[in-house]
2 protein chains.
Amino acid sequence: MHLNTTSPMSVDKKDHIINAAMELFAEKGFEGTSIRDIAAKADVNLAMVNYYFGSKEKLFEAMVEQKATFMRGQLEALESDKELTELEKVDRIIEAYVDRFLSNPGFHKVIQQEMLKSQREEMHQKAINIFIKNTQNFNSIIEKGIKKKVFKKVDPPLVFASIIGTINQVLVSKKVCNVFAGKDPCYDPYTDEHFKKRLLTHIKQMIHSHLLNQ
Amino acid sequence: MHLNTTSPMSVDKKDHIINAAMELFAEKGFEGTSIRDIAAKADVNLAMVNYYFGSKEKLFEAMVEQKATFMRGQLEALESDKELTELEKVDRIIEAYVDRFLSNPGFHKVIQQEMLKSQREEMHQKAINIFIKNTQNFNSIIEKGIKKKVFKKVDPPLVFASIIGTINQVLVSKKVCNVFAGKDPCYDPYTDEHFKKRLLTHIKQMIHSHLLNQ
DNA sequence: AATAGTTAATTAAACGTTTGTTTAATTCAA
DNA sequence: TTGAATTAAACAAACGTTTAATTAACTATT
């Protein structure tokens with residue numbers, strides 16, 4: 001049995017398998033992806049996947065763990081920051097989410113599929129809990145702004161749903177994006193800085209006019 | 001071989017199988033659902049599924065066909081309506097989508113999963129095309145409003161993405177909704193008129209302040 | 001109205017694949 | 001030489017699908 005060796009070789013290989021798996025999960029879903037698919041894409045022997053991760057499900061969990069830790073913690077810091085106004089905090093949150101989602105479209109497609117379904121109850125609940133925590137975090141910022149009367153009386157969790165929902169909707173299909181960016185269907189809008197800026201501008205303008213009195 | 005009999009008995013049974021399949025597809029995804037699952041849920045013999053539909057994939061297509069025709073055509077009529085202002089049309093569109101999505105959460109979860117993945121290329125492309133058509137429809141209304149200077153200069157396809165994205169985000173998880181509606185996790189918010197009204201109010205207010213000068 | 005004939009509906013069982021996983025043997029590195 | 005890494009092969013289970021046999025429902029004929 002393999003016991004978390006620190007050999008750089010095998011760590012690279014594990015990462016390599018995780019990346020191949022993530023791409024396939026995003027493209028074909030968890031059940032739609034076979035271990036043989038993953039092994040072929042990562043160009044390793046079939047048995048190596050179970051050797052390193054124990055099972056397909058544990059590989060999935062390892063992949064979520066690795067990609068999730070990659071982007072944790074930043075948002076919690078924002079909430080207690082005394083230097084920023086509520087509006088600035090909202091802008092930072094929007095920027096952070098747009099940046100993260102567009103930089104890791106595959107991962108967020110996987111998570112979204114996981115939240116839509118309710119297979120793998122443990123994983124599902126974990127994703128839900130992270131989302132609830134983020135929403136509560138956002139809510140308390142909005143509510144402070146409402147108390148200070150710099151924000152209108154809005155529905156905080158639904159405002160958050162609109163921000164995340166807009167980005168997710170863009171992630172749902174590359175092809176749809178390209179139609180409205182005037183690009184060919186194979187183009188990748190997510191790495192296009194111009195497209196990112198366009199999305200950011202839209203969300204900020206929409207949320208600003210929703211939040212602010214004028 | 002079965003050849004589209006008009007006997008009411010078998011039509012009922014086909015519908016019954018389709019409904020069971022849709023619920024399972026929404027819950028577990030296409031690949032995560034076996035024909036044996038479907039047969040068990042519909043309480044019919046395993047072989048009946050292939051007898052009626054030919055294959056699992058054709059059952060899926062039949063299900064999409066049936067549920068999609070159920071809600072086609074209404075939006076196209078709106079666009080050419082001369083009696084309504086652009087803002088009224090936008091409101092009608094929002095109402096129509098909220099109503100449809102909340103009335104058929106399972107179906108829209110299935111479609112969303114299908115759009116996220118790119119398995120079953122034909123199905124995927126079909127869903128994309130419908131979405132593109134709806135977006136173009138929406139765009140032309142917004143652009144008329146901009147020309148008439150009743151709307152601000154916004155990004156029409158992204159405004160549409162925000163409307164649909166918000167509703168989808170709500171659909172993503174019943175559990176998350178219930179946390180913010182103060183209900184227990186098993187409650188069904190989608191059939192709750194109060195929750196529907198709340199979602200409708202949020203989207204309308206947000207889109208209004210984004211579109212209108214004041 | 002009863003019956004024979006025909007087709008559709010339904011069933012349990014089996015088919016060949018593919019699935020995730022394991023084994024046992026081999027190669028490689030320290 | 002020892003233990004990890006890697007391999008091809010095999011495993012049982014689950015999968016979508018098909019078969020062949022049986023039951024039910026309908027039609028036409030008497």
Side-chain angles (χ1 to χ4, degrees), chain A residues 1-18 20-25 27-64 110 113-114 117 119-123, chain B residues 1-18 20-22 24-25 27-64 110 114 117 119-123:
Chain A
M1 188 51 188
H2 168 76
L3 33 100
N4 272 342
T5 166
T6 47
S7 126
M9 183 57 200
S10 57
V11 170
D12 281 1
K13 207 159 203 168
K14 282 182 86 165
D15 278 12
H16 192 234
I17 293 172
I18 282 181
M22 194 196 67
E23 282 184 47
L24 288 168
F25 289 154
E27 214 177 277
K28 300 141 70 84
F30 179 79
E31 287 84 5
T33 304
S34 73
I35 297 193
R36 283 165 182 84
D37 289 339
I38 297 168
K41 176 141 198 164
D43 198 35
V44 299
N45 185 279
L46 163 67
M48 293 309 292
V49 177
N50 278 296
Y51 176 71
Y52 279 125
F53 299 97
S55 72
K56 187 186 174 186
E57 187 130 357
K58 281 183 193 157
L59 162 61
F60 184 87
E61 286 164 17
M63 172 254 158
V64 171
V110 174
Q113 289 183 55
E114 209 56 29
K117 293 186 276 192
Q119 297 262 78
R120 284 177 298 296
E121 189 54 44
E122 202 188 341
M123 256 297 137
Chain B
M1 189 54 188
H2 168 76
L3 34 103
N4 271 341
T5 166
T6 47
S7 124
M9 184 54 200
S10 57
V11 170
D12 282 0
K13 207 159 204 170
K14 281 182 88 166
D15 278 12
H16 192 235
I17 293 173
I18 283 182
M22 194 196 69
L24 288 168
F25 289 153
E27 215 177 277
K28 299 142 71 84
F30 180 79
E31 287 83 6
T33 304
S34 73
I35 298 192
R36 283 167 180 84
D37 288 340
I38 297 168
K41 176 139 197 164
D43 198 35
V44 299
N45 185 278
L46 162 66
M48 292 309 291
V49 178
N50 279 295
Y51 176 73
Y52 279 124
F53 299 96
S55 72
K56 187 186 174 186
E57 187 130 358
K58 281 182 193 157
L59 162 60
F60 184 86
E61 286 164 18
M63 173 254 157
V64 171
V110 174
E114 209 54 30
K117 293 187 274 190
Q119 298 261 79
R120 282 176 300 295
E121 189 52 45
E122 201 189 341
M123 255 298 136

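Throughout, protein chains are lettered first and strands after them, A, B, ... in sequence-line order, and every chain is numbered starting at 1.
Qualifying side chain to side chain contact (heavy atoms under 4.5 Å, CB included) partners for B:Asp37, counting only residues two or more places apart in sequence or in other chains: B:Leu24, B:Lys28, B:Thr33, B:Ser34. Partners of A:Ala20 by side chain to side chain contact (heavy atoms under 4.5 Å, CB included), not counting sequence neighbours, listed by chain and number: A:Lys41, A:Ala42. Partners of A:Gln113 according to the side chain to side chain contact (heavy atoms under 4.5 Å, CB included) rule, which considers only residues two or more places apart in sequence or in another chain, are B:Leu116, B:Lys117. Every residue two or more places apart in sequence or in another chain that forms a side chain to side chain donor-acceptor pair (under 3.5 Å) with B:Glu121 is listed here: A:Lys175.
Applying the salt bridge (charged side-chain N to carboxylate O under 4.0 Å, His left out) rule to pairs touching residues 48-59 of chain A yields nothing, sequence neighbours excluded.
Contact check, B:Tyr51 against C:dA8: no side-chain N or O comes under 4.0 Å of OP1 or OP2. Checking the phosphate oxygens (OP1, OP2) of D:dA5, no side-chain nitrogen or oxygen of A:Tyr52 falls inside 4.0 Å.
We find that CZ of B:Phe60 is positioned 16 Å from C1' of D:dG16, with the value rounded to whole Å. Atom pair B:Lys28:NZ and D:dC15:P shows a separation of 9 Å (rounding to whole Å applied). Atom pair B:Lys58:NZ and D:dT18:C1' shows a separation of 14 Å (rounding to whole Å applied). Rounding to whole angstrom units, CE of residue A:Met48 and C1' of D:dA8 are separated by 14 Å. Between A:Glu31 atom CD and C:dG20 atom P there is a gap of 10 Å when expressed in whole angstrom units. To the nearest angstrom, P of C:dG20 lies 8 Å from CG of A:Asp37. Taking atom CD1 of A:Ile35 as the reference point, atom P of D:dA9 lies 19 Å away to the nearest angstrom. Rounded to a whole Å, the CD atom of B:Glu57 is 17 Å from the P atom of D:dC15.
Across C:dT10, D:dT17, C:dT22, the shortest atom-to-atom separation from the side chain of B:Asn50 is found for D:dT17. Here the nucleotide nearest the side chain of A:Ser55, chosen from C:dA9, C:dT21, D:dT17, is C:dT21. Here D:dT7 is the nucleotide among D:dT7, D:dT17, C:dT21 with the atom lying nearest to any side-chain atom of A:Asn45. Closest contact between the side chain of A:Lys56 and the listed nucleotides C:dG20, C:dT10, D:dT17 involves C:dG20.
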For nucleotides 10-14 of chain D, which of its nitrogen or oxygen atoms have a protein nitrogen or oxygen under 3.5 Å away, and what is each distance?
none

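Considering every non-hydrogen atom in both A:Ala21 and A:Leu59, the closest pair reads CB-CD2, 4.0 Å.
Using cut-offs of 30° and 60° for the angle between ring planes, the B:Phe25 and B:Phe30 rings count as tilted.
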